[in-house]
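Model, not experiment: these values are computed from the prediction.
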Amino acid sequence: MSPVQTPLLDRVRYPADLRNFSPEQLRQLADELRAETIDAVSVTGGHLGASLGVVELTVAIHAIFDTPRDRLLWDVGHQAYPHKILTGRRDRIRTLRQGGGLSGFTKRSESEYDPFGAAHSSTSISAGLGMAVARDLKGDDRNVICVIGDGAMSAGMAYEAMNNAGALHSRLIVILNDNDMSIAPPVGAMSAYLSRLMSSRSFLSLRELGAKMAKRFPRGIERTLGRAEEYARGILTGGTLFEELGFYYVGPIDGHNLDHLLPVLRNVREADETGPILVHAITQKGKGYALAEASADKLHSVSRFNVITGEQAKAPPGPPSYTNVFAAALIAEAEKDPSIIAITAAMPSGTGLDKFGKRFPSRTFDVGIAEQHAVTFAAGLATEGMKPYCAIYSTFMQRAFDQVVHDVAIQSLPVRFALDRAGPVGNDGATHSGSFDIAYLGCLPGMVIMAPSDEAELVHAVATSVTINDRPSAFRYPRGEGTGVALPSEGEILRIGKGRVMREGHSIAILSLGPRLGDALKAADELTARGFPTTVADARFAKPIDTALVEQLARHHEVLITIEEGSIGGFASQVMHHLAWKGLMDHGLKVRPMVMADKFIDHDSQAKQLVEAGLSVRDIVVAGLGAFGIEAPGVTGRPVQVVTGR
């Protein structure tokens, strides 16, 4: 259990335990919950700043509402660490993001208090509205509460959902956790008073009476009176936008003051037939931990750290990360080419574009959590002769697939996609796994997809992409450190769609795409030692594939193994499609496509995830020997999948 003193928190097993606490006790509980959150994350690492910002909000919601009967959705889910502590998971909070432990996000299979999984942002209002409509259709009376914040309101999906919610007029409570953008006046006593007043039954009843009276006036006057009331409240509170979308706006209120939060949430809970309501809470990211408050990113995401000093655990010195290599390579190219533009979707440090931005501030654009806009914005830049680079995690690029198809690929616009975190991502788990980009981009006509096998190859991929001016291109690279190879002083321009042979054999051929090359070479050593001389080739390109190389490997080997850190339907499918049409699988060639296991793999170390995915050195050896009917010692067929537990 926690080393910090938490006498009140020790009495809380589930949220129902909060509902007999006095406001003074809830304030003490919030302080203890904050201390527990800080201590827990210091052990595991994770998203600290956002969770600290919602401590009082978490306490107030669970004290006022009847969770889990009332549905509570967190958006983005990395704000939910305090929520997890209060909902029966405190005893496991120090397993957060560890193999077999708690997820770093909300997760339906983990707890009944997590009604919707959220690791990508801006989904809560859509999902919450669906729950509210289902409730209405079933004749239930539960509340649905969506807490949306930490940048999630920057994505268009939230506004699409709000527009629909306003039109449907279902009862839905949205709490805007405004922790990083001031879209409202300063919070103070007058604002708190107005919020309590406007959320009260007496005011709502008076408003309803006024609406009924207004209906007796001519239609033009009725409409004018209605607008006058909305705009009067909008001027006082800053909520005109939300009113226009059909929400009844309450706020802004101090999201750290339980004297403000408790009465407003109680009023909102008891309000009848008011349609969707938005409560605007102003919070401070990293609140209550001085080191987080002082940090530029409010300690958004941290590794293990010392609570007293804030010093984060550092890995032993090693090779530079792929992210940093990409950033340096792009900066080097931009020094020579003023048309290079860098775009990110709220992840400047995660993609390395913070460094590019310091060097080229006027050529760097962070568009917020708006991947769809980022892609079409880049397409517009490309039409005018610029060279835009969209640096977006593989998992987040999925959100802009329609824009990639219609706004980029169909028009053959030379937008460059830098796909960070491709393949397994470790402790962020299944929701952030970059498993699908080869498949979803590889099906698009004209797309060029590069998959560097090491950090030097990544430098070459960046240089090559600069020269691709007649169609879209992408290059994918993994999370974490490189292999330690020497970096070139200048990137080499690769021949499009051409791979390279790394080692010659004549029995088994391994065609590797991306960072599996190192393990492919190790597997080749073992296979060769067992009497099966093995060729290893680096495909370099997932599309277009090197058809000459593929045919050469097929004609001169008994077994062809392809390996990639991606899902079924990717590189191997391209290779086998070509072989089938060339008739090269008609006369005994044994093909073994190795892709990530057809399941979602939970959070763990990347090394363990690769074992569970079936892509380790041992798996390659097993595949090669198995093609000849030979079992590797102690292994039969594909390895037993690792069970991570719950």
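Between the side chain of T376 and the main chain of H373, no donor-acceptor pair closer than 3.5 Å is present. Not a single donor-acceptor pair under 3.5 Å links the side chain of E160 to the backbone N or O of A158. For the pair R359 (side chain) and A334 (backbone), a donor-acceptor distance under 3.5 Å is absent. Of the possible polar contacts, none joining the Q574 side chain to the A542 backbone as a donor-acceptor pair under 3.5 Å is found. In this structure, the side chain of S605 engages the main chain of K608 through a donor-acceptor pair within 3.5 Å. Under the 3.5 Å distance criterion, the side-chain polar atoms of K498 are left unmatched by any main-chain donor or acceptor of A539. With hydrogens and angles ignored, the 3.5 Å screen pairs no side-chain donor or acceptor of R304 with any backbone N or O of G45. Put simply, the side chain of E371 never gets that close to the backbone of Q398: no donor and acceptor are under 3.5 Å apart. One N or O on the side chain of H603 and one on the backbone of G101 form a donor-acceptor pair closer than 3.5 Å. Between the side chain of T528 and the backbone N or O of D525 there is no donor-acceptor pair closer than 3.5 Å.
A salt bridge links R530 and E526; the closest N-O separation between the charged side-chain nitrogens and carboxylate oxygens is under 4.0 Å. Salt-bridge annotation for E333 and R416: absent, with no side-chain N of the basic residue lying under 4.0 Å from a carboxylate O of the acidic one. Under 4.0 Å is where a charged nitrogen must lie from a carboxylate oxygen, and between K599 and E612 at least one such pair does. Salt bridge annotation for R500-E457: present, with a cationic side-chain nitrogen under 4.0 angstrom from a carboxylate oxygen.
With hydrogens and angles left out, the side-chain atoms of T395 and H120 include a donor and acceptor closer than 3.5 Å. There is a side-chain donor-acceptor pair under 3.5 Å between Q312 and S303. Side-chain contact of H557 with T535: a donor-acceptor pair under 3.5 Å is present, judged by distance alone. In the model, D538 has no side-chain atom that pairs as donor or acceptor with a side-chain atom of S512 under 3.5 Å. Side-chain atoms of T351 and D420 form no donor-acceptor pair, as typed in the model, at a separation below 3.5 Å. A donor-acceptor contact closer than 3.5 angstrom is absent between the side chains of T106 and D114.
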May I have the step-by-step check of ring pair (Phe, Tyr, Trp, His ring centres under 6.0 Å) for H47 and H300, ending in yes or no?
CA-CA 5 Å; H47 292 88; H300 172 75; 5.1 Å; yes

Test T483 against E455 for side chain to side chain contact (heavy atoms under 4.5 Å, CB included), laying out the working first.
CA-CA 7 Å; T483 62; E455 57 270 44; 3.0 Å; yes

For side chain to side chain contact (heavy atoms under 4.5 Å, CB included), just list the numbers for V591 and V575, CA-CA rounded to whole Å, side-chain angles, deciding distance to a tenth of an Å, and then say yes or no.
CA-CA 10 Å; V591 181; V575 171; 5.9 Å; no

Could you go through R363 and D337, starting from their C-alpha distance and side-chain angles, then the distance that decides it, and tell me whether this counts as salt bridge (charged side-chain N to carboxylate O under 4.0 Å, His left out)?
CA-CA 11 Å; R363 292 156 60 183; D337 190 338; 5.9 Å; no

As a quick check of understanding, evaluate side chain to side chain contact (heavy atoms under 4.5 Å, CB included) for V621 and D619, giving each step before the final call.
CA-CA 5 Å; V621 172; D619 297 315; over 6 Å; no

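The minimum heavy-atom distance between A370 and A345, with the atom names listed, is N-CB, 4.2 Å. For V404 against V375, the heavy-atom pair with the smallest separation is N-CG1, 3.9 Å. Here the shortest heavy-atom pairing between T431 and A119 reads OG1-CB, 3.1 Å. In this structure, W74 and A118 approach most closely via the heavy-atom pair O-CB, 3.2 Å. Between G117 and R108, the shortest heavy-atom distance links the atoms N-CG, 4.0 Å. The two residues V41 and G46 make their nearest non-hydrogen contact at CG1-N, 3.8 Å.
To the nearest 0.5 angstrom, F600 atom CZ is 11.0 Å from D602 atom CG. Between the CG atom of L615 and the CD1 atom of I620 there is a distance of 7.5 Å, given to the nearest 0.5 Å. Distance OG/S453 to CG/L521: 9.0 Å, rounded to 0.5 Å. Here OG of S433 is found 13.5 Å from OH of Y393. Values are rounded to the nearest 0.5 Å. Between the CE atom in M397 and the SG atom in C390 there is a gap of 5.5 Å [rounded to 0.5 Å]. A distance of 9.0 Å separates CZ in R471 from OG in S412, rounded to the nearest 0.5 Å.
Taking the six-membered ring where the residue is Trp, F360 and F356 present tilted rings, their angle falling between 30° and 60°. Between F105 and H78, the angle of the ring planes lies from 30° to 60°, which puts this pair in the tilted group.
Residues L560 and K590 form no side-chain contact, since every pair of their non-hydrogen atoms from C-beta on lies 4.5 Å or further apart. No side-chain heavy atom of I392 sits less than 4.5 Å from a side-chain heavy atom of I343. The shortest distance between side-chain heavy atoms of L517 and D454 does not fall below 4.5 Å. Between I449 and F541, the closest side-chain pair of non-hydrogen atoms is not below 4.5 Å. With a 4.5 Å cut-off on side-chain heavy atoms, I510 and T534 count as touching. Side chains of P544 and I496 form a contact here, defined as non-hydrogen atoms less than 4.5 Å apart. Side-chain contact check for L511 versus I563: every heavy-atom pair is 4.5 Å or farther apart. In this structure, M157 and S126 have side chains that are in contact, with non-hydrogen atoms separated by less than 4.5 Å.
Of the residues Q606, R516, Q609, R476, the one that meets the side chain to side chain donor-acceptor pair (under 3.5 Å) test with E565 is R516. Applying side-chain contact (heavy atoms from CB on, under 4.5 Å) to Y389 and the options L381, T344, I340 leaves one that passes, I340. With respect to T323, the side chain to side chain donor-acceptor pair (under 3.5 Å) criterion is satisfied by exactly one of E481, K355, R421, R479: R421.
The number of heavy-atom neighbours closer than 6.0 Å to CD1 of I630, taken from other residues, nucleotides and ligands shown, is above 12. Under a cut-off of 6.0 angstrom, the local environment of NZ in K314 is sparse, with at most 12 non-hydrogen atoms contributed by other residues, nucleotides or ligands. For F628, the CZ atom is densely surrounded, since the number of other residues' heavy atoms within 6.0 Å is greater than 12.
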